[in-house]
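One structure is given below, encoded as structure tokens.
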Number of protein chains: 2
Amino acid sequence: MIVQMNPTRTLLLVEDDAAIRSLLVLHLEQAGFRVLEAPDVRTALRWLDELLPDIAVIDWMLPDVAGITLLERLRHNDRTRQLPVVMLTARAAEADKVRGLEGGADDYVTKPFSPRELLARIRAVLRRRQPEPEAGPVAFGGLELVPDRRVVRREGAEQTLGPTEFRLLHFFVTHPERVWDRAALLDRVWGDDAFIEERTVDVHVRRLRLALRPLKADGMIETVRGAGYRITAIPLEPL
Amino acid sequence: MIVQMNPTRTLLLVEDDAAIRSLLVLHLEQAGFRVLEAPDVRTALRWLDELLPDIAVIDWMLPDVAGITLLERLRHNDRTRQLPVVMLTARAAEADKVRGLEGGADDYVTKPFSPRELLARIRAVLRRRQPEPEAGPVAFGGLELVPDRRVVRREGAEQTLGPTEFRLLHFFVTHPERVWDRAALLDRVWGDDAFIEERTVDVHVRRLRLALRPLKADGMIETVRGAGYRITAIPLEPL
DNA sequence: CGCCTTTGTCACAAAACTGTCATCTCCTTC
DNA sequence: GAAGGAGATGACAGTTTTGTGACAAAGGCG
């Protein structure tokens, strides 16, 4: 009987030291991970290009580009922005830790470390990330969002959205009916560290509506004057 | 005319540089904050003594006592422990940031910064602190008010109200049966600082009735000649 | 490098709200 | 039933909020 069979997780391991790498691969695979090995950033990017892992473990010091740089690149790309990252470092310096965490690392492990410790951190990060699965397709009021392709579907018809449009719609769909004011949307869709005019939200809402028009679903995004916007399930015209 | 959707927030600004201070005051007040200015910690403490603000913005470097010290003091006092604090600092040193956040600052902004950035941080902090006033739905005599969307519902049918109409109905519903004269309504619905003709109340009552007509509920708002208005639960016609 | 997409801002048009009036109705009272 | 007074109406002009279309800057990608 299966109590809790976790689906196999894919893990990207970016580490140049072959010895450490194979040691980790051993443990990681034994722990049920499918490991993508990358001795350098170039290889890592190739992997990422073809397959989005569930988590990445990145060595701080790498031969070609600093691991921290890779981290920043990941955070800069829409596809990898949500990717959980655990940094691996030989330095115990606090400054690095801060920089790493600020750069968006979810945790970091200092060498020397036991594989068990790394594993524990990885699991903790995955667990923490779990509650907000940005990945799976979402459906609401006849719409279906496909995060992989940034596409909305309705009765077969498809519309591709821009990155921000998609995140916005995704947020609405996962928090339906309620009214969200512009500030809240900036916080939750753009991130609370984005310093953006509130009116920009209007523009993006408009773009989203425009994109939804071909699906005759633009009416789902309602304006609540003086308050904000909300998505609501309404009877839609047939396509 | 003044429509203040959000209640005015009070903000304590502790900053010794007069130039920066007045610049910030300008922006903060324009953003709707009531600003308590303090060039030093002593003044700040005096303010705090007589009035607890909604948030404090504190400069890291101050003439008398370091801002960080003030922060620590705030955190040690029961009354101010929960006060949201945004630190303002010229130093970009990470160590300081860490210390500030550990000291209990809710966020911190590095100089030079744009007033807009500061404003965004302040709003984010306030939002984080005060999740939602949670304006729950209210019901009375078959009507159901949904503050979130500014709509009244009756047996499924919905009517969207204007902001003032909604506030007015909301007031009636939460203070039913009794008669309210125009002055009282102006006070409680418009705010006691509103400088408005009493007759204006009539107009809004009418607009409210108009909006309620489709729900056949306009009869609930009664006119009491020579006294004012009141809402009553009466048997309503079926829809 | 140029080409193209994505984005944040603007400036201006469109729509929604508001507070006041002038006028019209209806109720009271004599 | 005429005169007053109190409310109800419909129209307005002034503001505030949104919707739009255009643009330029920033990246991504050959």
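Chain letters run A, B, ... following the sequence lines, proteins first and then strands; every chain starts at 1. Note that these values count all heavy atoms, side chains included, but never hydrogens, waters or copies made by symmetry. Note that this is a predicted model, so its numbers are computed, not measured.
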| Can you give one letter per nucleotide of nucleotides 24-30 of chain D, 5' to 3': B if a protein heavy atom sits under 4.0 Å from the base, S if only from the sugar-phosphate, - if neither? | -------
| Cut-off 3.5 Å, side chains only: do R209(A) and T223(A) have a donor facing an acceptor? | yes
| message | Nearest whole Å is fine: how far is dT18(D) P from D181(A) CG? | response | 11 Å
| query | Given the rule in the salt bridge (Lys or Arg N to Asp or Glu O under 4.0 Å) test, do R21(A) and D16(A) qualify, once you have shown the distances and angles that lead to the verdict? | reply | CA-CA 7 Å; R21(A) 199 169 66 235; D16(A) 58 312; over 6 Å; no
| query | In whole angstrom, what separates L161(A)'s CG from dT7(C)'s C1'? | reply | 15 Å
| task | Respond yes when some side-chain nitrogen or oxygen of T164(A) is under 4.0 Å from OP1 or OP2 of dT7(C), and no when none is. | result | yes
| Can you tell which of E155(A), M220(A), Q159(A) makes a side-chain contact (heavy atoms from CB on, under 4.5 Å) with L215(A)? | Q159(A)
| query | OP1 or OP2 of dA6(D) sitting under 4.0 Å from any side-chain N/O of R182(B)? | reply | no
| query | Closest approach of F172(B) and I231(B), non-hydrogen atoms and distance? | reply | O-CG2, 3.3 Å
| field | Test: R149(A) and E158(A) ion pair at under 4.0 Å | value | yes
| task | Specify the separation, in whole Å, of atom CD1 of I196(A) and atom P of dC10(C). | result | 12 Å
| Nucleic acid contacts - residues 197-214 of chain B versus DNA chain C, non-hydrogen atoms under 4.0 Å | E197(B), T200(B), V203(B), H204(B), R207(B)
| Test salt bridge (Lys or Arg N to Asp or Glu O under 4.0 Å) applied to E177(B) and R230(B), step by step | CA-CA 6 Å; E177(B) 304 302 346; R230(B) 72 172 186 135; 3.4 Å; yes
| task | Please check the phosphate of dT25(C) (OP1 and OP2 only) for any side-chain N or O of R225(B) closer than 4.0 Å. | result | no
| Which pair of non-hydrogen atoms, one from V85(A) and one from L74(A), has the smallest distance, and what is that distance? | CG2-CD1, 4.0 Å
| field | Side-chain N,O (W190(A)) to OP1/OP2 (dT7(C)) below 4.0 Å | value | no
| request: Establish, with yes or no, whether the OP1 or OP2 oxygen of dG19(D) is under 4.0 angstrom from a side-chain nitrogen or oxygen of Y229(A). | output: yes
| message | Please report the distance, rounded to the nearest Å, between CG in D218(B) and C1' in dT9(D). | response | 15 Å
| task | Indicate the atoms forming the closest heavy-atom contact of P53(B) with L51(B), along with that distance. | result | CD-O, 3.2 Å
| task | Indicate yes or no: does R207(B) engage E165(B) in a salt bridge with an N to O separation below 4.0 Å. | result | no
